[in-house]
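Scroll down for the structure; my scribbles are underneath it.
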Amino acid sequence: MQAVLTELESLLAGLVERDLPGVLVVACDDVETLYVAQVLARLDERSDSDLFLTFTDAAPSTSALVDALADNLAVQQANLAEQLGPGAALPDLPALARDPAAAPATRLRALVDHILALLPPGDHRLVIALLPSRLPADFRLELAEPLLRASQHPRVRLVLRDDRARPAHFTAAKTCLDEHVLAYSLDLTPEDAVAAAAAAVRDPERPAAARIQALMELAWLDLGHGRLADAEQKFCGCAEFHARTGSPALAALARAGLGDVQRARGDFVQARRSYETALLEAAATPAFPVTLQLAVALADTCLALAQHLDAEGYYQLSDTLAAKLLRPHTRADVQESLGVCHGARGAGTQAVRVWNDAAELCRAIDYPQRLHSILGRLASHHQPSDRARHRACLEEQAAVAARLQEARPC
């Protein structure tokens with residue numbers, strides 16, 4: 001696997017550092033997008049002059065993906081202005097970037113032009129990587145193909161993801177005669193990943209932090225295959241190492257893995273203690289994605305223990321964090337569980353209010369799986385008292401179920 005990642009890193013470095021603009025289409029599966037993002041992060045760390053913007057979150061549509069990019073950029077601008085101090089201000093995003101009537105490719109180009117205007121003159125390149133972990137169905141037609149056909153600004157480098165199992169724009173890029181358009185198929189088999197991680201752990205030439213990172217990967221693999229004792233031992237070792245070396249966010253992540261092992265054993269009381277310890281470690285860091293992961297795990301654990309008031313608090317924290325991190329799917333998941341907590345405490349009106357909000361969110365982001373579940377809860381609640389609403393929920397749920405059945409692969 002390491003040889004493949006080294007090859008990918010060399011290709012990406014060549015794309016970024018050459019004097020010509022370029023678009024690279026990487027065909028990969030959902031998990032492999034994270035490896036591409038990690039390679040880009042390493043290149044970002046090595047570069048003092050280039051600006052890297054990498055997007056890996058799933059998006060229900062290309063329009064929603066561009067919306068999320070714009071929101072993310074607005075947040076980054078606000079944070080940068082705050083760091084620059086009083087009086088510092090950055091220009092607002094162009095109205096075209098948020099215009100729902102404009103094509104996604106046009107909106108993205110408006111964002112790119114805006115960012116380029118903020119870069120200082122000189123050898124500063126802009127690298128934008130669109131690597132959604134779940135490709136929108138309209139990604140090829142609405143974004144990939146227009147970007148492949150368009151001429152690129154000399155300072156811009158684009159990386160676009162395609163699905164290796166069902167390649168579309170990758171095939172077009174591979175046969176394109178334009179020297180600015182490149183294609184690469186990334187294929188990391190699970191066996192290669194395990195062998196590479198095990199070799200990295202045993203390699204005395206590697207820095208200790210790199211060996212511990214590989215050990216953490218093996219711990220997650222052990223957990224996934226039900227080797228709970230092995231996973232527990234590895235997670236404990238990783239947590240101790242990161243706590244000793246002053247890496248609280250990574251220590252929290254390892255302790256979260258330990259909590260997952262305990263939950264898999266059915267020891268929810270001990271899992272809660274592990275998650276709470278991890279949350280305290282993560283709270284002192286800006287690692288908000290780790291904090292979100294822990295808050296959700298804690299809430300789910302409290303719910304399993306029927307500690308509904310505590311679960312509510314953690315679900316509300318999770319909802320706030322998911323909103324700040326632009327994770328609408330996580331928000332919908334959390335809100336359904338929050339309604340369950342309300343209902344368990346006898347606050348039925350609160351539960352319905354939360355489920356209605358969650359259903360609206362699911363419709364807005366096109367999340368039929370969660371919508372189907374929430375509609376079932378609403379139908380059950382309305383059944384004895386409001387037949388019209390009960391029937392409306394069942395009818396919509398049936399329509400969603402039919403849509404899910406049509407989308408199911410053969």
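When reading the values below, keep in mind they use all heavy atoms of this one structure, side chains included, and skip hydrogens, waters and symmetry mates. The shown structure was predicted, so the numbers you read here are calculated from the model rather than taken from an experiment.
Side-chain atoms of Gln270 and Arg273 include a donor-acceptor pair closer than 3.5 Å. A donor atom on one side chain and an acceptor atom on the other are found under 3.5 Å apart for Asp260 and Tyr275.
The two residues Leu93 and Ala70 come nearest to each other via the heavy atoms CD1-O, 3.2 Å. Here the shortest heavy-atom pairing between Ala278 and Ala252 reads O-CB, 3.3 Å. Considering every non-hydrogen atom in both Ala239 and Ala254, the closest pair reads N-CB, 3.5 Å. Shown here for His124 and Ser49, the closest heavy-atom pair between the two residues is ND1-O, 2.8 Å.
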Working for side chain to side chain contact (heavy atoms under 4.5 Å, CB included), residues Thr330 and Val334: CA-CA 6 Å; Thr330 302; Val334 163; 4.2 Å; yes

Residue pair Arg98, Asp71: steps toward the side chain to side chain contact (heavy atoms under 4.5 Å, CB included) verdict: CA-CA 9 Å; Arg98 295 189 180 276; Asp71 290 340; 2.8 Å; yes

Chi angles and distances behind the side chain to side chain contact (heavy atoms under 4.5 Å, CB included) call for Gln350, Glu312: CA-CA 12 Å; Gln350 269 186 291; Glu312 278 185 25; 5.7 Å; no

Side chain to side chain contact (heavy atoms under 4.5 Å, CB included) assessment of His180 paired with Gln152: CA-CA 9 Å; His180 304 315; Gln152 301 300 325; 5.9 Å; no

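Formation of a donor-acceptor pair under 3.5 Å by the Thr320 side chain with backbone atoms of Gln316 is found in this model. A donor-acceptor distance shorter than 3.5 angstrom exists from the side chain of Asp50 to the backbone of Arg125, with no hydrogens or angles considered. Using a distance-only test at 3.5 Å, with no hydrogens or angles considered, no donor-acceptor pair links the side chain of Arg140 to the main chain of Leu143. Asp230 contributes no side-chain N or O that, together with a main-chain N or O of Asp222, makes up a donor-acceptor pair within less than 3.5 Å. Counting only distance, with no hydrogens or angles, the side chain of His390 and the backbone of Ala379 share a donor-acceptor pair below 3.5 Å. Between the Asp29 side chain and the Glu32 main chain, a donor and an acceptor come within less than 3.5 Å of each other. Of the possible polar contacts, none joining the His308 side chain to the Cys341 backbone as a donor-acceptor pair under 3.5 Å is found. Thr175 places a side-chain N or O within donor-acceptor distance of the main-chain N or O of Ala172, the cut-off being under 3.5 Å. At least one donor-acceptor pair under 3.5 Å links the side chain of Thr33 to the backbone N or O of Asp30.
Taking CG of Leu371 as the start and CG of Leu361 as the end, the distance is 10.0 Å to the nearest 0.5 Å. Once rounded to the nearest 0.5 Å, the distance linking CG of Asp319 with CD of Gln335 reads 4.5 Å. Between the CD atom in Glu217 and the CH2 atom in Trp220 there is a gap of 12.0 Å [rounded to 0.5 Å]. Atom SG in Cys238 sits 10.5 Å away from atom CD in Gln233 (nearest 0.5 Å). With rounding to the nearest 0.5 Å, the separation of CZ in Phe139 from CZ in Arg161 is 9.0 Å. Interatomic distance, CD of Glu142 versus CG of Leu65, reported as 12.0 Å (0.5 Å rounding).
Between Leu130 and Leu69, the closest side-chain pair of non-hydrogen atoms falls below 4.5 Å. Using a 4.5 Å cut-off on side-chain heavy atoms (C-beta onward), Tyr314 and Leu279 make contact. The closest side-chain heavy-atom distance from Glu360 to Asn356 is not below 4.5 Å. At a threshold of 4.5 Å between non-hydrogen side-chain atoms, the residues Glu9 and Leu43 count as touching. Looking at Val156 and Pro21, their side chains never come closer than 4.5 Å, going by heavy atoms from C-beta outward. In this structure, the side chains of Arg331 and Tyr367 stay at 4.5 Å or more apart for every pair of heavy atoms. The side-chain heavy atoms of Asp333 and Tyr315, taken from C-beta on, include no pair separated by under 4.5 Å. Looking at Ile374 and Glu336, their side chains come closer than 4.5 Å, going by heavy atoms from C-beta outward.
Checked options Arg255, Gln262, Arg263; the residue passing with Ser274 is Gln262 (criterion: side-chain hydrogen bond (donor to acceptor under 3.5 Å, both in side chains)).
Atom CZ of Arg164 sits in a crowded spot, with more than 12 heavy atoms from other residues, nucleotides or ligands closer than 6.0 Å.
Asp366 has a carboxylate O that lies under 4.0 Å from a charged side-chain N of Arg403, or vice versa, which qualifies the two as a salt bridge. Contact check on Asp310 versus Arg272 returns a salt bridge, with a Lys/Arg side-chain nitrogen under 4.0 Å from an Asp/Glu carboxylate oxygen. Under 4.0 Å is where a charged nitrogen must lie from a carboxylate oxygen, and between Glu17 and Arg46 no such pair does.
Counting only residues at least two apart or in different chains, side chain to side chain donor-acceptor pair (under 3.5 Å) contacts with residues 236-252 are absent.
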Below 3.5 Å, can you tabulate the donor-acceptor pairs from side chains in residues 104-119 to any protein atom, sequence neighbours excluded?
unit_1 : atom_1 : unit_2 : atom_2 : d
Arg107 : NE     : Ala97  : O      : 2.9
Arg107 : NH1    : Ser63  : OG     : 3.1
Arg107 : NH2    : Asp67  : OD1    : 2.3
Arg107 : NH2    : Ala97  : O      : 3.3
His114 : NE2    : Gln77  : OE1    : 2.5

